[in-house]
Amino acid sequence: MLLELRIYTAKPGRRDDFVRWFHRRSIPAMEAAGMRVLAERAEPGTDRFVWLRSFAGDEQRRRQYDAFFLGPAWLEGLREEAYDMLDHVDVHTMRIEGHATSEGWSDLACELVAELVPPGRAADSGAR
């Protein structure tokens, strides 16, 4: 399983706008591409918004990234809308292997994996 921890810093005063947008526009588009948002939190007293999503593996992640980032919703407006509200995007991805039980993970192995640059976006473009 791949787990993405995504930490977004909104432009000053725009975090609540971003959170509303995220629920209204981004989540439906991600779900249409097969992505699943696991959890999210706007950090009180800051401009930060933190969220998690998961993928079964590398191939699923690649397919869903392509479906979302090369899809009409992203290319025809979501990208500009998001970057208009965001100052910085920080993404950390972990590969997690092991078995989950009610007591926790057994034989847990984790590693950080290299980030995919979304299709249609240069590594140095968009929010910083």
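Counting begins at 1 with the first residue of the sequence.
- Taken to the nearest 0.5 Å, the OG1 atom of Thr9 stands 8.0 Å off from the CD1 atom of Ile7.
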Does His92 form a side-chain hydrogen bond (donor to acceptor under 3.5 Å, both in side chains) with Asp90? I'd like the steps, not just the answer. CA-CA 7 Å; His92 302 279; Asp90 195 16; 3.1 Å; yes

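- For the pair Arg53 and Val37, the tightest heavy-atom approach, listed with the atom from each and the gap, is CB-CA, 4.2 Å.
- Between Phe69 and Trp74, the ring planes are perpendicular. Angles over 60° get that label, and only those under 30° would be called parallel.
- Under the 6.0 Å distance and 45° angle rule, Arg61 counts as a cation-pi partner of Tyr65.
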Salt bridge (Lys or Arg N to Asp or Glu O under 4.0 Å) between Arg20 and Asp17, intermediate numbers included: CA-CA 5 Å; Arg20 283 188 293 275; Asp17 295 334; 2.6 Å; yes

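- A salt bridge links Arg25 with Glu81: at least one charged nitrogen is closer than 4.0 Å to a carboxylate oxygen.
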Any chance you could lay out the side-chain contact (heavy atoms from CB on, under 4.5 Å) test for Asp87 and Asp47, step after step, and finish with the verdict? CA-CA 9 Å; Asp87 189 39; Asp47 289 317; over 6 Å; no

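- Nearest heavy atoms, Arg95 versus Leu2: NH1-CD2, 3.4 Å.
- Exactly one residue among Trp51, Tyr83, Tyr8 makes a ring pair (Phe, Tyr, Trp, His ring centres under 6.0 Å) with Phe18. That residue is Tyr8.
- Between the side chain of Gln64 and the main chain of Gly34, a donor-acceptor pair closer than 3.5 Å is present.
- Across Pro28 and Phe22, no two heavy atoms sit closer than the pair CD-O, 4.4 Å.
- In this structure, the side chain of Arg48 does not engage the main chain of Ala10 through any donor-acceptor pair within 3.5 Å.
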